[in-house]
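Working notes, structure below.
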Amino acid sequence: MSALAAILLDPVAYRVGMVPIEADLREVIQDCCNRFGILLVVDEVVSYRVGFRGAHDIFGFEPDLVALGKMIGGGLPVGAVAGPASYMAVFDHTRGKPAVSHGGTFSANPLSMTAGLAALQSYTKDAVARLNQMGETLRSEIIEQLRRRELPAQVTGASSLFRLHLKTEVIRNYRTSFPSALQKAALAKVHLAISNELLWRALDSDERDRCPRSSRSAGGCRS
């Protein structure tokens with residue numbers, strides 16, 4: 001353990017089935033980091049929206065560094081690393097050459113910064129609560145429809161995050177969430193159907209008349 005510099009984790013990882021990290025594992029990781037002086041880095045690129053102060057606050061982590069992206073850019077390309085001054089000092093260029101050079105194509109991009117500022121100003125506790133309630137409603141409705149139709153599928157996730165699995169086996173980790181070739185092909189069809197439906201709903205009435213639902217699977221819309 002003395003040779004381990006950091007532990008990087010995502011509390012609601014998509015590739016682990018989008019199942020929230022279990023309490024026992026959270027406690028073990030945090031305890032090991034505290035006991036052996038290991039940096040705890042929490043990846044909140046996706047899960048930041050789980051809570052107003054991020055998923056680490058909801059799950060009780062005390063991270064040394066937090067990686068952020070996506071939503072803090074208001075839809076534009078952005079990435080960020082946050083932490084206390086004692087760790088972020090390695091990037092400090094105000095006293096000469098920093099210990100660690102930090103730069104990139106999108107560093108201080110004015111469009112991303114403007115969009116990100118607007119997004120975060122709208123990111124209030126009430127907005128997060130409303131978003132989370134919408135996610136809970138969506139998962140509950142999907143689960144109910146799957147049950148009514150007796151389909152071998154389930155939904156995992158937390159707050160506003162969700163993921164569909166075409167299997168009934170309990171999802172606990174990467175192995176149990178990994179789809180078979182047949183399930184993967186079926187999921188691709190589901191995702192395509194959802195995308196087509198959303199695009200159709202975005203059309204105005206005239207466009208819908210030229211592109212009825214039936215034509216979308218039959219080869220295109222009328223000109």
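Everything quoted here is computed from the prediction, not taken from an experiment.
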* Where do L187 and P179 come nearest, in terms of heavy atoms and distance? -> CD1-CB, 4.4 Å
* Structure fact -> CD1 (I7) and SG (C33) are apart, to the nearest 0.5 Å, by 4.0 Å
* Starting from the C-alpha separation in whole Å, work towards a yes-or-no answer on side-chain contact (heavy atoms from CB on, under 4.5 Å) for V28 and D24. => CA-CA 6 Å; V28 169; D24 291 347; 5.6 Å; no
* Asked: What residue pairs, at least two apart or across chains, pass side-chain hydrogen bond (donor to acceptor under 3.5 Å, both in side chains) with a residue in residues 38-57?
  -> E44-S47, E44-H56, R49-S160
* Results of ring-ring contact (aromatic ring centres under 6.0 Å, His included) for F59 - residues two or more places apart only -> none
* Structure fact -> The side chain to side chain contact (heavy atoms under 4.5 Å, CB included) partners of E144 (sequence neighbours excluded) come to R147, R148
* Can you name the residues that form a side-chain hydrogen bond (donor to acceptor under 3.5 Å, both in side chains) with T176, not counting sequence neighbours? -> N173
* Heavy-atom pair of closest approach, residues A119 and G74 -> CB-CA, 3.7 Å
* Structure fact -> The side chain to side chain contact (heavy atoms under 4.5 Å, CB included) partners of T137 (sequence neighbours excluded) come to Q133, E141
* Atom CG in N196, atom NE2 in H191: separation rounded to 0.5 Å? -> 13.0 Å
* To do: Quick one: which residue pairs count as a ring-ring contact (aromatic ring centres under 6.0 Å, His included) with a foot in residues 149-177, not counting sequence neighbours?
  => Y174-F178
* Under 4.5 Å between side-chain heavy atoms, chaining through other members, with only Ile, Leu, Val, Met, Phe, Trp and Tyr counted: pull out the rest of the cluster around L182, sorted by chain and number. => none
* Check whether F61 and L25 end up in the same hydrophobic cluster, where Ile, Leu, Val, Met, Phe, Trp and Tyr are linked by side-chain heavy atoms less than 4.5 Å apart. => yes
* So, for V16 and S177, which heavy atoms are closest and what is the spacing to 0.1 Å? -> C-OG, 3.9 Å
* **Pairwise side-chain contact, P11 with V42, heavy-atom cut-off 4.5 Å (strictly under)** => yes
* Asked: Would you say Q154's side chain and L164's backbone share a donor-acceptor pair under 3.5 angstrom?
  -> no
* **Qualifying ring-ring contact (aromatic ring centres under 6.0 Å, His included) pairs, either residue in residues 72-96, two or more places apart** => F91-H102
* Are the side chain of R139 and the backbone of L161 linked by a donor-acceptor contact shorter than 3.5 Å? -> yes
* Checking side-chain hydrogen bond (donor to acceptor under 3.5 Å, both in side chains) for the pair T124/D126: CA distance, chi angles, key distance, verdict? -> CA-CA 5 Å; T124 63; D126 289 341; 5.3 Å; no
* For I143, side chain to side chain contact (heavy atoms under 4.5 Å, CB included) partners two or more places apart -> V155
* To do: Name all residues meeting the side-chain hydrogen bond (donor to acceptor under 3.5 Å, both in side chains) criterion together with Q30; count only those two or more places apart in sequence or in a different chain, and write none if there are none.
  => N34
* Structure fact -> Rounded to the nearest 0.5 angstrom, the CD-CD1 distance for E197 and I194 is 9.5 Å
* To do: Please name all residues satisfying side-chain hydrogen bond (donor to acceptor under 3.5 Å, both in side chains) with R15, sequence neighbours left out, ordered by chain then number.
  => none
* **Joint hydrophobic cluster, L111 plus M113, side-chain heavy atoms closer than 4.5 Å** => no
* Structure fact -> Value for CZ (R172) from CD (E169), rounded to nearest 0.5 Å, stands at 10.5 Å
* For the hydrophobic clusters of this structure (ILVMFWY residues joined by side-chain heavy atoms under 4.5 Å, transitively), does one cluster hold both V128 and V66? -> yes
* Between atom CG of L151 and atom OG1 of T168, what is the distance when rounded to the nearest 0.5 Å? -> 11.5 Å
* To do: Please identify each residue that fulfils side chain to side chain contact (heavy atoms under 4.5 Å, CB included) with I58, with sequence neighbours left out.
  => V50
* Would you mind telling me which of V12, I29, D10 makes a side chain to side chain contact (heavy atoms under 4.5 Å, CB included) with I21? => I29
* Shared ILVMFWY cluster between M18 and L9, side chains joined below 4.5 angstrom? -> yes
* Asked: How close do L166 and Q183 get, heavy atom to heavy atom, and via which atoms?
  -> O-NE2, 3.1 Å
* To do: Verify the neighbour count for atom NZ of K70: are there more than 12 heavy atoms of other residues, nucleotides or ligands below 6.0 Å?
  => no
* S112 versus V78, closest heavy-atom pair with distance -> CB-CB, 4.4 Å
* Charged N-O contact under 4.0 Å between E22 and R26 -> no
* How close do I72 and A80 get, heavy atom to heavy atom, and via which atoms? -> CD1-CB, 3.7 Å
* Between L39 and F36, is there a shared hydrophobic cluster once you connect ILVMFWY residues whose side-chain heavy atoms come closer than 4.5 Å? -> no
